[in-house]
Structures are given as structure tokens and as C-alpha cells.
Amino acid sequence: MPELPEVENVRRDLEALVVGRTIDRVEVRLARIVRTPPDPRVFEALLAGHRIQGVGRRGKYLLFEIPPYTLVSHLRMEGQYRLVRAGEPEAPHTHVVFHLDGGEELRYRDVRQFGTMDLVPPGGELPKGLAELGPEPFDPALDHGAFRRRFHHRTAPIKAVLLDQTCIAGLGNIYVDEALFLVGIHPATPAHRLRPAQAEALLAAIRDVLTRAIAAGGSSVRSYVNGYGRHGGFQMALHVYGREGEPCRRCGTAIEKLRVAGRGTHVCPRCQPQPRRSRRAGQRGARV
DNA sequence: CATGGGTCCTGAGTGC
DNA sequence: TGCACTCAGGACCCAT
């Protein structure tokens with residue numbers, strides 16, 4: 001499940017691999033991947049003959065700059081890009097192929113078919129999710145006060161709020177669980193109950209874990225590989241995610257798996273004490 | 001408006 | 001061994 005660190009690694013790889021390359025031809029094999037324009041034949045036709053000038057990222061979105069267009073690509077759960085020589089055997093679940101100059105192909109594969117591509121014309125509307133994205137975690141303008149103001153009125157569990165991309169961009173299930181562990185906050189804690197000091201520590205923890213994960217090449221807990229097809233290394237450093245039943249690296253207590261915000265959620269019951277019960281919220285999270 | 005639940009999809013894992 | 005079933009989850013849609 002590519003989150004910000006994984007998408008950033010893919011971005012860097014693609015930047016090195018495809019910037020400056022011209023798209024000769026595009027093949028969309030699975031129409032559902034391309035959301036806009038609605039006709040995938042139009043998507044193919046518009047991109048042909050244009051040069052990839054840059055690869056950016058915003059939250060979990062990849063932004064291919066292909067003047068005059070921006071190709072917005074979201075990997076969702078299992079989307080992958082690989083640059084290969086034309087004629088190399090094709091991996092199953094390859095849904096979009098960009099034939100580049102020089103006899104190479106940029107192939108998009110996606111087992112779950114959840115990924116999306118939107119081709120934005122000049123002056124065109126950005127896809128909704130991108131347009132409504134919250135600030136980047138590393139945005140210097142996002143100080144702890146601004147961060148807290150984004151959720152201090154919300155009663156939903158802090159985990160649900162952090163997963164909400166309009167609150168802050170780029171976090172997913174892995175790094176939310178990790179950041180909350182690092183600051184000893186239970187994921188079911190209603191967001192508005194966080195003390196200012198806790199919010200400040202949480203923002204610092206988010207930045208810390210994302211920075212280390214990017215440097216380690218991301219986490220390969222499922223199917224993630226970077227633009228070269230290589231796995232990340234940060235899964236070895238995870239404290240709670242995917243460690244149900246294993247001892248907490250800090251206190252030795254067995255990590256527990258709960259359900260919060262409809263998601264599998266990992267906590268150390270000792271390092272992250274349950275929020276006190278209130279009449280409105282709290283104490284959600286039945287054991288799985 | 002905020003919130004939570006259902007939905008999409010396929011392969012891995014589980015239990016009988 | 002084989003099969004039915006559940007689970008994984010990001011973003012989006014919808015009902016409350």
C-alpha cells in the first residue's frame with residue numbers, strides 16, 4: 001500500500017528513468033484505470049508525441065508533467081511502474097503501456113485494479129481528491145498550531161482524521177499506526193481530545209517516521225516495489241504495523257490488533273493506553 | 001458539515 | 001487435496 005514514502009521513492013526513480021523521454025504511443029488495456037478523459041482512446045491519442053518533462057508528487061499522487069498536460073496517477077493499493085525494454089515478457093496485470101522513444105516501455109501494472117489515471121489539460125480541473133488535498137506533512141507553513149487547528153474540532157478517532165487526506169496528505173494505514181505508537185497515543189482517541197503538546201509531538205513523529213521511511217526506500221509489507229522493481233527496507237523498522245502478537249520493541253508487551261476507523265489497527269496496549277471513555281466517543285475498536 | 005459504512009478488486013490465508 | 005470463505009485497504013459515494 002504505497003503511502004507518501006513509497007510514492008516519493010517511485011517518483012525519484014521515475015524522474016531518473018523517464019524525464020526527457022518522448023511518448024510515441026500509449027496502450028490502455030483496462031479502461032477503468034483511466035478516469036479522465038472518459039474515453040481511453042482519447043487518453044491514448046492526446047499523450048502520443050509528447051515529452052515527459054518532470055515527475056512530481058503531491059500526497060500519494062504522482063504528477064507526470066507532459067506539456068501541455070499533467071498526468072495524475074494514483075497507485076492506490078498495488079499500482080506499480082516499471083521501465084523495460086520493448087519485447088521483454090509482460091508481467092500479468094499490466095494495464096497501461098507507454099511506448100517511449102529509444103525502444104523502451106513504461107508499464108503500469110496493478111493487480112487489484114484500484115489505481116487511477118487522470119489526464120489534466122491546461123487549465124483543466126484537477127481530480128477531486130487532489131484538489132481537496134490537505135497540506136504536505138513537510139510543508140514549512142504547517143506548524144503545530146496550524147496542524148492542531150485542522151482537527152481540534154473533530155470528534156472522530158485521531159486515526160480516522162490522519163487517514164483523511166483533506167486533513168494532512170500522504171499518510172496511510174502503516175504510517176498512521178507507527179506515528180501514533182511513537183507518541184503513545186491510542187488510535188481511537190477522539191481527535192479533539194489531543195492536548196496541544198500531544199499534537200505537536202504527533203506532527204514531529206509523523207515527520208520523523210516519514211523521513212526515515214523515505215530514506216529506507218519505503219515499506220514493502222505487501223507488494224510494494226520501487227521504480228526498479230526493488231523492495232523497500234523500512235518494514236524491518238516498523239514498531240507496530242503487521243506485528244500482532246510480537247513483543248513491543250519498547251516494553252515487550254504483545255502488540256494487539258484492533259479495528260479503528262474501519263481499518264486494521266496495531267497498538268501496544270501498554271505504550272498506548274486506551275482513551276478514557278466519554279459519553280460521545282472513545283472505546284471503539286473491538287478486538288479482532 | 002461530520003461521520004461511518006459499503007463498494008471496488010484479486011490473491012493470500014484459513015478452516016473444514 | 002480441494003473448496004468456500006474472509007480479509008487486505010485508498011478513495012469515493014451515500015445515508016444518517
Side-chain angles (χ1 to χ4, degrees), chain A residues 1-8 10 29-36 38 57-63 72-80 91-96 108-118 125-134 137 149-178 180 187-194 210 218-225 235 238 240-245 257-266 275 278-288:
Chain A
M1 49 227 65
E3 305 179 28
L4 190 152
E6 291 76 31
V7 178
E8 176 59 21
V10 172
R29 312 264 180 78
L30 183 65
R32 62 180 305 134
I33 300 293
V34 176
R35 297 192 302 187
T36 51
R57 179 192 59 75
R58 178 82 169 86
K60 302 175 197 171
Y61 293 84
L62 284 168
L63 308 174
V72 179
S73 170
H74 198 302
L75 307 174
R76 294 289 180 94
M77 304 300 299
E78 305 199 10
Q80 302 175 352
H93 309 291
T94 297
H95 303 312
V96 182
Y108 177 77
R109 76 182 281 260
D110 188 344
V111 172
R112 305 278 269 287
Q113 307 180 11
F114 276 9
T116 58
M117 294 186 193
D118 294 272
E125 259 182 54
L126 296 177
K128 191 161 169 287
L130 177 57
E132 295 175 3
L133 217 49
R149 279 194 295 279
R150 299 189 71 80
F151 60 76
H152 75 102
H153 58 289
R154 297 185 58 171
T155 59
I158 184 63
K159 168 152 183 171
V161 167
L162 294 177
L163 287 173
D164 176 357
Q165 301 298 297
T166 69
C167 177
I168 184 168
L171 297 177
N173 212 31
I174 298 174
Y175 298 108
V176 166
D177 281 5
E178 291 299 310
L180 289 171
T189 308
H192 68 103
R193 297 252 223 110
L194 264 65
L210 293 180
S219 301
S220 292
V221 296
R222 213 179 175 74
S223 62
Y224 168 72
V225 292
Q235 63 278 8
L238 296 175
V240 288
Y241 189 87
R243 298 193 66 243
E244 181 183 9
K257 185 169 181 181
L258 325 168
R259 189 155 289 270
V260 177
R263 295 286 175 251
T265 299
H266 309 76
S278 79
R279 217 175 310 187
R280 317 187 42 153
Q283 205 100 336
R284 235 153 272 218
R287 252 171 282 277
V288 170

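In what follows, every chain begins at residue 1, and chains take the letters A, B, ... in the order their sequences are listed.
- For the pair A:H93 and B:dG11, the criterion of a side-chain N or O lying under 4.0 Å from OP1 or OP2 is met.
- A:V10 is not listed as a side-chain neighbour of A:P2, based on a closest heavy-atom distance of 4.5 Å or more.
- Atom pair A:L133:CG and C:dA11:P shows a separation of 8 Å (rounding to whole Å applied).
- For A:Y241 and C:dG9, the shortest distance from a side-chain N or O to OP1 or OP2 is below 4.0 Å.
- Between A:V161 and A:V111, the residue anchored closer to the 5' end of DNA chain B is A:V161, taking for each the nucleotide with the nearest heavy atom.
- Residue A:L126 contributes atom CG, which lies 12 Å from atom P of C:dC12 at whole-angstrom precision.
- The ring pair (Phe, Tyr, Trp, His ring centres under 6.0 Å) check on A:Y61 picks up A:H74, with sequence neighbours excluded.
- In this structure, A:H95 places its NE2 atom 8 Å from P of B:dT10, rounding to the nearest Å.
- Aromatic ring centres of A:H266 and A:Y241 lie closer together than 6.0 Å.
- Per the geometry, CD belonging to A:E6 stands 14 Å off P belonging to C:dG9, to the nearest Å.
- Of the candidates A:Q113, A:H93, A:R112, A:R112 is the only one forming a side-chain hydrogen bond (donor to acceptor under 3.5 Å, both in side chains) with A:E78.
- Here the P atom of nucleotide B:dT10 and the CG atom of A:L75 are 18 Å apart, to the nearest Å.
- Between A:D110 and A:L30 there is no side-chain heavy-atom pair separated by less than 4.5 Å.
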Tabulate protein N/O versus nucleotide N/O from nucleotides 5-8 of chain B, keeping only pairs under 3.5 Å, one per line.
residue	atom	partner	partner atom	Å
B:dC8	O3'	A:R32	NH2	3.2

Go through A:L130 and A:R58 one step at a time and tell me if the side chain to side chain contact (heavy atoms under 4.5 Å, CB included) criterion holds. CA-CA 8 Å; A:L130 177 57; A:R58 178 82 169 86; 3.6 Å; yes

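- The structure places CD of A:Q165 at 7.0 Å from CG of A:L171, a figure rounded to the nearest 0.5 Å.
- Among the protein residues, A:Y175 comes within range of no part of the nucleic acid, since none of its heavy atoms lies under 4.0 Å from any strand.
- In this model, the phosphate group of C:dC7 is not approached by any side-chain N or O of A:R259 to a distance below 4.0 Å at OP1 or OP2.
- Between A:K159 and C:dG9 there is no side-chain polar atom (N or O) within less than 4.0 angstrom of OP1 or OP2.
- Listed nucleotides: B:dT3, C:dG10, C:dA8. Nearest to the side chain of A:K60: C:dG10.
- For C:dG10, neither phosphate oxygen OP1 nor OP2 lies less than 4.0 angstrom from any side-chain nitrogen or oxygen of A:H74.
- Taking atom NZ on A:K128 and atom P on C:dA11, their separation rounds to 12 Å, with Å as the unit.
- Side-chain nitrogen and oxygen atoms of A:T155 include at least one within less than 4.0 Å of the OP1 or OP2 phosphate oxygen of B:dT3.
- Contact between the side-chain N/O atoms of A:Q165 and the OP1/OP2 oxygens of C:dA11 is found at a separation under 4.0 Å.
- Taking atom CD of residue A:E78 and atom P of nucleotide B:dT10, one finds them 11 Å apart after rounding to whole Å.
- Rounding to whole angstrom units, CG of residue A:L62 and P of C:dA11 are separated by 12 Å.
- Under the ring pair (Phe, Tyr, Trp, His ring centres under 6.0 Å) criterion, A:F114 pairs with no residue, sequence neighbours left out.
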